[in-house]
Amino acid sequence: MATTAQGTKVKVLAASVPAKGEVLYLVRSSAGLVGWVPGNALVESTQGLPLAG
């Protein structure tokens with residue numbers, strides 16, 4: 001588990017959309033860290049995230 005500093009830019013690489021449960025996003029930070037983030041945490045912790053609907 002890792003926490004990035006405020007202001008860190010992340011790039012969404014992929015999404016896992018299960019039939020049941022929470023959506024997870026695979027992200028890469030500007031420092032090169034890669035990992036899965038729960039969808040609600042990503043939306044709550046980012047600014048200017050364009051969401052398709």
Side-chain angles (χ1 to χ4, degrees):
M1 183 172 160
T3 302
T4 59
Q6 185 173 355
T8 300
K9 293 185 178 189
V10 297
K11 181 177 184 177
V12 176
L13 304 174
S16 170
V17 184
K20 292 184 181 179
E22 186 170 16
V23 175
L24 297 173
Y25 293 96
L26 182 62
V27 299
R28 179 176 41 227
S29 74
S30 56
L33 296 172
V34 177
W36 290 96
V37 178
N40 65 338
L42 186 65
V43 171
E44 291 171 3
S45 301
T46 56
Q47 263 186 324
L49 183 66
L51 298 174

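Just so it is clear, the model here is predicted, and its values are computed rather than measured.
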When every non-hydrogen atom of Pro18 is compared with those of Val23, the smallest separation belongs to CD-CA, 4.2 Å
Taking all non-hydrogen atoms of both residues, which atom of Val10 and which atom of Ser29 are closest, and how far apart? CG1-CA, 4.0 Å
Let me check something: do Val17 and Leu13 share a hydrophobic cluster, defined by ILVMFWY side-chain heavy atoms less than 4.5 Å apart, either directly or through other members? no
From Asn40 CG over to Tyr25 OH, what is the distance, rounded to the nearest 0.5 angstrom? 10.5 Å
Heavy atoms, side chains only, cut-off 4.5 Å: are Val12 and Leu42 in contact? yes
Distance-minimising heavy-atom pair for Pro38 and Glu22: CB-OE2, 3.4 Å
If Ile, Leu, Val, Met, Phe, Trp and Tyr residues are connected whenever their side-chain heavy atoms lie under 4.5 Å apart, and connections chain through other members, are Val27 and Val34 in the same group? no
